[in-house]
Amino acid sequence: MNAALATLKERGFFKQCTDEDLLNKKLDEGPVRIYVGVDPTGPSMHVGHMVPLFAMHHLQQAGHLPIVLVGGGTARIGDPSGKTDMRKMLTIDQIKSNAENLKKQIANFIEFDGDKAKLVDNADWLADLNYIDFLRDIGRHFSVNRMLTFEAYKKRLEKGLSFIEFNYQLLQSYDFLELYRRENCILQIGGDDQWGNIVAGMELIRRMEGGEAIGLTFPLVTRSDGKKMGKTEKGAIFLDPELTSIYDFFQYWRNVADADVEKFLLLYTFLPADECRRLGALKDQEINKAKEVLAYELTKIIHGEAEANKAMEGARAAFKAGGTQDKSGMPSAGMTVSELEAGINVMDLFVQSGLCSSKSDARRLVSQNGASINGEKYSDVDAIIGVEAINEEGGEKEIVLKAGKKRFFRFIVK
RNA sequence: GGGGAGGUUCCCGAGUGGUCAAAGGGGGCAGACUGUAAAUCUGUUGCUUCGGCUUCGAAGGUUCAAAUCCUUCUCUCCCCA
């Protein structure tokens, strides 16, 4: 088997392929141009978008040529695959700014130096399409009967599917055709929810150009506890540090279920597969080391080594009692001495930190014995925090709040 | 275009003119147990200056009193054309 394909399989990136033998052959013959699409429908990628990009990274390492398509055109429509509701329409400006952010994030996975990879935007060819021409040239190759049998559309038929969304598949197929014509791109990869769209693209290429194209999909990543990948109560885990703090990003991975560690190491880090397996096989307390490696490695890929170190140190400082570790990675804010001299109510302090969303929330936390300051429990709702709460460590004056067992916040007193 | 059903707190989903801040479940949060795990058990889950205040698609109205009745609007789903 081709080495690149073997790597993908070994690491869990293989779900279905339209023609595995052909793919094997093509990958062996030399560099293949490979298309993966991302739609700029949100201000940032989130954790769920990463799998195809990691796969692309491995393929690039094996010498193949990624073409990353940012769907500036298709984002105007919205892909119904896997969705139960129609997406909100985005303005052109939103899409543009989303696309810019996306491009930066993609560069974490794929090298764009020189000719190693290409970034394209399908708005370049979709925006000015002529409707009549499109219908006549492309639309005639699609059978509505056939499309309705796809799971993606079936589901939506129960709920309601607008005509605009129904066209998504044609546009994505047309993208593949364009890339085949322009770049000689013969392989499209994506999540398994893209299977229908990818196959449709292949068929279009065969019908219009007589060309042989291949599709490859990855399993949709699930968590062993059944929760949605990359989602927390507060929302998705984003790659943009403005939307998900680096500390929270790190903690998300640090807290994955035992059963998921190995799978995630293989999918979401660049560590050798053997190493991922070794770490994933650790048991009991030892597996925490593997979780830390996962969190560290992935944070490093997305946010850089310096930030990853900060986040790891911050987490260690928070969870290991005492110690003089570096807490700079912990979420924090400034506070003046005079504020403390006046005295602040515990509940107000927790609200101010953002650890509690309202005073009622803070009251609950305190009365349920979940609030502590500098490691000391506070269960009196009326407690007033003053200057005596300032903790001096390593030359910095601070007050460290803790809500429950895992949420920390640090006030730096000036 | 005609007819029907419906929009309830994060989600699903009960709901009687007053005893509803609104059953139940899910999810969340907190506590116990732990390994920053899972499972389990317990408590809690609109806001508050703790007097109250603002919620049941939107706006009006009836009433001492409305999520519950009336009017208009709006959105969703279903059937017919």
Side-chain angles (χ1 to χ4, degrees), chain A residues 83-89 155-162 165 222-237 245-265 279-296 298-299 311-323 325 327 329-331 343-348 350-373 375-382 384 400-409:
Chain A
K83 306 286 181 311
T84 41
D85 295 304
M86 177 150 168
R87 235 186 220 147
K88 294 205 175 61
M89 282 293 175
K155 263 193 206 130
R156 287 297 303 276
L157 278 179
E158 291 160 18
K159 257 279 193 180
L161 173 70
S162 73
E165 289 176 287
T222 54
R223 290 177 22 151
S224 59
D225 57 10
K227 284 183 193 154
K228 267 200 185 143
M229 188 62 213
K231 294 271 174 162
T232 65
E233 315 59 59
K234 298 195 177 69
I237 301 290
S245 76
I246 296 173
Y247 181 82
D248 287 341
F249 183 87
F250 183 93
Q251 282 300 126
Y252 179 80
W253 299 103
R254 176 62 187 77
N255 282 313
V256 298
D258 290 7
D260 291 329
V261 176
E262 180 175 309
K263 179 166 76 180
F264 289 175
L265 279 165
L279 287 165
L282 296 174
K283 291 277 176 266
D284 302 321
Q285 282 200 48
E286 288 289 295
I287 193 136
N288 281 325
K289 284 183 193 160
K291 292 184 189 181
E292 199 174 78
V293 172
L294 168 67
Y296 179 77
L298 183 48
T299 308
M312 185 161 71
E313 288 306 320
R316 282 181 177 168
F319 286 96
K320 304 252 160 60
Q325 291 100 329
K327 291 180 190 156
M330 213 186 275
I344 305 173
N345 174 274
V346 224
M347 297 187 291
D348 290 329
F350 273 86
V351 172
Q352 199 181 325
S353 73
L355 253 21
C356 292
S357 60
S358 72
K359 207 156 176 184
S360 299
D361 191 22
R363 179 182 301 273
R364 241 167 266 135
L365 182 76
V366 173
S367 57
Q368 288 179 139
N369 219 16
S372 45
I373 296 174
E376 204 181 313
K377 291 261 182 199
Y378 277 72
S379 48
D380 177 9
V381 187
D382 296 316
I384 301 296
V400 177
L401 306 190
K402 183 177 156 201
K405 290 182 186 106
K406 294 185 195 167
R407 291 147 57 220
F408 290 87
F409 193 87

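In what follows, every chain begins at residue 1, and chains take the letters A, B, ... in the order their sequences are listed.
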Donor-acceptor pair under 3.5 Å, Gln368(A) side chain vs G43(B) base: yes

Separation of the P atoms in G6(B) and G17(B), to the nearest angstrom: 16 Å

Gap separating the NZ atom of Lys359(A) from the CG atom of Leu365(A), nearest 0.5 angstrom: 14.0 Å

Phosphate-side-chain proximity, Lys377(A) and A30(B), N/O vs OP1/OP2 below 4.0 Å: no

Span that lies between the P atom of U55(B) and that of A59(B), in whole angstrom: 9 Å

Same-atom distance (P) from G35(B) to C53(B), integer angstrom: 50 Å

Touch class at under 4.0 angstrom, heavy-atom based, for Lys402(A) against every strand present: nothing

Nucleotide nearest Lys405(A) (side chain, heavy atoms from C-beta), chosen from A32(B), A30(B), U36(B): A32(B)

Whole-Å gap separating P (G35(B)) and CZ (Arg316(A)): 18 Å

Residues Lys289(A), Glu286(A): salt bridge by 4.0 Å N-O rule: yes

A38(B) - base-pair partner by Watson-Crick or wobble geometry, distances under 3.5 Å: none

Between P of G28(B) and CG of Asn255(A), the distance in whole Å: 13 Å

Nucleotide G35(B), atom P - distance to CG of Leu282(A) in whole Å: 16 Å

Heavy-atom closest pair, residues Val381(A) and Asn345(A): O-ND2, 3.1 Å

Spacing of the P atoms in C11(B) and G27(B) (rounded, Å): 16 Å

Whole-Å distance separating the CZ atom of Phe350(A) from the P atom of A30(B): 11 Å

Whole-Å P distance, U62(B) and A30(B): 48 Å

Whole-angstrom distance between C10(B) and C56(B), as gauged at atom P: 11 Å

5′-ward residue of the pair Met347(A)/Ala257(A) relative to RNA chain B: Ala257(A)

Aromatic centroids of Phe409(A) and Phe350(A) separated by under 6.0 Å: no

Sugar-phosphate only, base, or nothing, as touched by Asn369(A) at under 4.0 Å among non-hydrogen atoms: sugar-phosphate

Pair Lys291(A) + Asp258(A), salt bridge at N-O below 4.0 Å: yes

Under 3.5 Å on both distances, the Watson-Crick or G-U partner of C77(B): G4(B)

Donor-acceptor pair, side chain of Asp260(A) and main chain of Val256(A), under 3.5 angstrom: no

Side chain of Lys406(A) (C-beta onward), nearest among A30(B), U49(B), U36(B): U36(B)

Phe408(A) and Leu401(A), any side-chain heavy atoms less than 4.5 Å apart: no

At a cut-off of 3.5 Å, list every protein nitrogen or oxygen paired with a nitrogen or oxygen from nucleotides 45-47 of chain B, distance to 0.1 Å.
residue	atom	partner	partner atom	Å
C47(B)	OP1	Ser358(A)	OG	2.9
C47(B)	OP2	Arg364(A)	NH2	2.7

Whole-Å gap separating P (A38(B)) and CG (Asp284(A)): 15 Å

Touch class at under 4.0 angstrom, heavy-atom based, for Gln251(A) against every strand present: base

Whole-Å gap separating C1' (G43(B)) and CG (Leu365(A)): 13 Å

Distance, rounded to the nearest Å, where Lys263(A) contributes NZ and A37(B) contributes P: 19 Å

Watson-Crick or G-U wobble mate for A22(B), both contacts under 3.5 Å: none

Side-chain H-bond candidate by donor/acceptor type, Asp361(A) with Ser358(A), under 3.5 Å: no

Conformer about C1'-N of G51(B) - syn within 90° of 0, anti elsewhere: syn

Complementary nucleotide for C33(B) - Watson-Crick or wobble, under 3.5 Å: none

Same-atom distance (P) from G28(B) to A38(B), integer angstrom: 10 Å

Distance, C1' atom - from C20(B) to A14(B), rounded to whole angstrom: 13 Å

Worked check of side chain to side chain contact (heavy atoms under 4.5 Å, CB included) between Tyr296(A) and Phe250(A): CA-CA 7 Å; Tyr296(A) 179 77; Phe250(A) 183 93; 4.2 Å; yes

Sugar-phosphate only, base, or nothing, as touched by Ala315(A) at under 4.0 Å among non-hydrogen atoms: base

Proximity to the side chain of Phe319(A) - top-ranked nucleotide from G35(B), U49(B), U36(B): U36(B)

Spacing of Arg407(A) atom CZ relative to G28(B) atom P, expressed in whole Å: 13 Å

Heavy-atom pair with the smallest gap, counting every atom of Leu265(A) and Gly280(A): CD1-N, 4.3 Å

5' priority, RNA chain B, between Arg363(A) and Lys291(A) [closest heavy atom]: Lys291(A)

